[in-house]
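Owing to the predicted nature of the structure, the values given are computational and were not obtained by experimental measurement. In the text below, chain A, chain B and the rest are named by the order of the sequence lines, each starting its count at 1.
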Amino acid sequence: MRREAARAKGGFAGYDRACRGIDLESAATRVAAGEPHVWRLKVPDDRGEIMFADAVRGDVTFPVEAVDDLVLVRTDGTATYNFAVTVDDTTMAITHVIRGDDHLSNTPKQILIYEALGEVVPVFAHLSMILGADGKRLSKRHGATSVEAYRDMGYLPEAVTNYLALLGWSLDGETTVFSRDTLSESFSLDRVSRNPAIFDDEKLEWLNGVYIREMSAGELVDRMVPLLVSAGLLTSEDAAARREWLMKLGPLVSERLKRLDELVPMVAFLFSDTVEIEESARTKVLEKEGAGRALDACRDALASLAGFDTESIEAALREVPERVGVKPKVAFQAVRVAVSGSAVSPPLFELLELLGRERSLARIDAARPFAVE
RNA sequence: GGCCCGUUCGUCUAGCGGUUAGGACACCGCCCUCUCAAGGCGGAGAUCACGGGUUCGAAUCCCGUACGGGCUACCA
């Protein structure tokens, strides 16, 4: 009430200093008598302005009047935030307080508490907040996602760390991809930027793709297996038994993934017995002139192969288009659609090897009726 | 309202008195090619928020204005 009235008048809305003059002795007796009370910091009137050298923002100055005789301990005996952090930080001998911009205005209060306590004031560094795509601050109800959510979406911790570091800090203005080791070796507060950054999902995705491509086949398979298992495409036992097979699959998908969670839809067809051909793939690919002839010829070529490895498959299929009189694209796209159900897939020849001869032929047969001579 | 902080391509940024204002994502071409990616090459995109100063010279220094943000609790 009092506060609102004061604010309406445009004046200072803080504590009215009602109890400032009570002397220590009578305060002590009243406390002893069980009177409800709080502890407030008696801000020295002669303190002058409060200045500190922020490690990222430079010198910051606040007028003392800006800080009220703030409550340190509540009526119920618990400590308030500003009191608790300073006590906690001095107790732990904290030397650098690096935190969000939203604490900048708390800093003068805390400095006063450090001084009252007779403790050394640590170095402060205030980082800007991260904003959402609309320029509004990220918060619980506004686009903010936990790191767990990013993990579940298939983002790698290394990529997220790298991206976050890039948001408000730069190594040299040129380098965008760097390891955690490089980051911890070269990070310095004086290269932290002062302005708030907008979180850019697209750049994070790109960076995540970079890290996925950099992974070794073994690492990649280790990351893939849990996803395949939880999608019901594979059991853990299968995964172990088919390790070699998975090691071949890894490199085929890694350069096509921006996020790990894109894996399952990309490879599901490899684990099923039959495949459903997408409507658009059927009309745009199978119903092209020559698709049927090409399918027949490819089927025969594959059926008569001695081995069923990528090299021999490619060698056998490469000569089909010319022989049947269609463009390579027409023939290979037809096989791709027959085998994967889609006009978009990982590379065809290695795909056929992974699928195996039996299923490859069966799918070509199943697709054949949809194809146009 | 008061007090603080911020403002360079759409986005993240380099720059710390003299640069054709550099890089990255995204975007647009071309190349590669069995699709999609990845990769390579090239392009477009910033009157450095605005207005005053200071200076031979300002994105860089100073002062205003505008806009954005934060704090203003016996919340953290």
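- Comment: A:Arg357 does not engage A:Glu353 in a salt bridge, judged by the lack of any side-chain N to carboxylate O separation of less than 4.0 angstrom.
- Ring geometry for A:Phe52 against A:Phe124 counts as perpendicular: the plane angle is over 60°, on a 0 to 90° scale with 30° as the lower cut.
- In this structure, of B:C74, B:C4, B:U35, it is B:U35 that holds the atom nearest to the side chain of A:Arg336.
- Side chains of A:Ser179 and A:Thr182: a donor-acceptor N/O pair is present below 3.5 angstrom, by distance only.
- One finds a salt bridge joining A:Asp45 and A:Arg20 here, because a Lys/Arg side-chain nitrogen approaches an Asp/Glu carboxylate oxygen to under 4.0 Å.
- Nucleotide B:C3 is matched to B:G70 when pairs are restricted to Watson-Crick or G-U wobble geometry with both distances under 3.5 angstrom.
- Comparing the P positions of B:A49 and B:A14 gives an interatomic distance of 14 Å, to the nearest angstrom.
- The side chain of A:Asn106 has B:A76 as its nearest neighbour among B:G23, B:A76, B:C34.
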Heavy atoms under 4.0 Å is the rule here; annotate nucleotides 58-67 of chain B 5' to 3' with B where the base is hit, S where only the sugar-phosphate is, and - elsewhere. ----------
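- Taking a cutoff of 4.0 Å between a charged side-chain nitrogen and a carboxylate oxygen, A:Lys109 and A:Asp68 do not qualify as a salt bridge.
- Annotation: B:C5 and B:A44 have their P atoms spaced 40 Å apart (nearest Å).
- Between A:Phe178 and A:Trp169, the distance separating the two ring centers is shorter than 6.0 angstrom.
- In this structure B:U11 sits in a base pair with B:A24, meeting the Watson-Crick or G-U test at under 3.5 Å.
- Look at the C1' atom in both B:G68 and B:A73: the space between them is 25 Å, to the nearest Å.
- Within 4.0 Å of A:Val38, counting heavy atoms only, lies at least one base atom of the nucleic acid.
- Checked against B:C34, B:C74, B:G70, the side chain of A:Thr75 finds its nearest nucleotide in B:C74.
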Sugar-phosphate means primed atoms, P, OP1 and OP2; the rest is base. With that split, encode nucleotides 7-12 of chain B 5' to 3' as B, S or - using protein heavy atoms under 4.0 Å. SS--SB
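- Here A:Phe271 and A:Trp245 bring their ring centres to under 6.0 angstrom of each other.
- Contact annotation: A:Arg99 side-chain N/O to B:C71 OP1/OP2 distance is not under 4.0 Å.
- A:Asp101 and A:His126 form no side-chain donor-acceptor contact under 3.5 Å, judged by distance and modelled atom types alone.
- Residue A:Ser170 places at least one side-chain N or O closer than 4.0 Å to OP1 or OP2 of B:A14.
- Sequence order on RNA chain B of the closest nucleotides to A:Asp76 and A:Asp101 puts A:Asp101 first from the 5' end.
- Side-chain atoms of A:Arg57 stay outside donor-acceptor range of the base of B:C5, with no qualifying N/O pair under 3.5 Å.
- The six-membered or imidazole ring of A:Tyr155 lies away from that of A:Tyr163, with a centre-to-centre distance of 6.0 Å or more.
- Listed candidates were B:A76, B:G15, B:A24. Nearest to the side chain of A:His103 is B:A76.
- Closest contact between the side chain of A:Leu104 and the listed nucleotides B:U35, B:C5, B:C3 involves B:C5.
- A:Asp309 and A:Ser312 share a donor-acceptor pair across their side chains, judged by distance under 3.5 Å alone.
- Of all nucleotides present, only B:C50 satisfies the Watson-Crick or G-U wobble test against B:G64, with each distance under 3.5 Å.
- Among the heavy atoms of the strands lying under 4.0 Å from A:Thr61 are primed sugar atoms or P, OP1, OP2 only; no base atom is included.
- Counting non-hydrogen atoms under 4.0 angstrom, A:Arg318 reaches a base of the nucleic acid.
- Position along RNA chain B of the nearest nucleotide to A:Glu314 versus A:Ser105 favours A:Glu314 as the more 5'-ward residue.
- For the P atoms, the distance linking B:U33 with B:G18 amounts to 48 Å, nearest Å.
- A salt bridge links A:Asp296 with A:Arg368; the closest basic N to acidic carboxylate O contact falls under 4.0 Å.
- Between B:U35 and B:G69, the distance separating the two P atoms is 48 Å to the nearest Å.
- The residues A:Arg47 and A:Glu115 are annotated as salt-bridged, a charged nitrogen and a carboxylate oxygen being separated by less than 4.0 angstrom.
- For the pair A:Arg282 and A:Glu279, the salt-bridge criterion is met [side-chain N within less than 4.0 Å of a carboxylate O].
- Taking atom P in both B:G45 and B:C36, the straight-line distance is 29 Å, to the nearest Å.
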Generate the contact string for nucleotides 36-46 of chain B. Rules: B means base contact, S means sugar-phosphate contact only, - means no protein heavy atom under 4.0 Å. BBSS-------
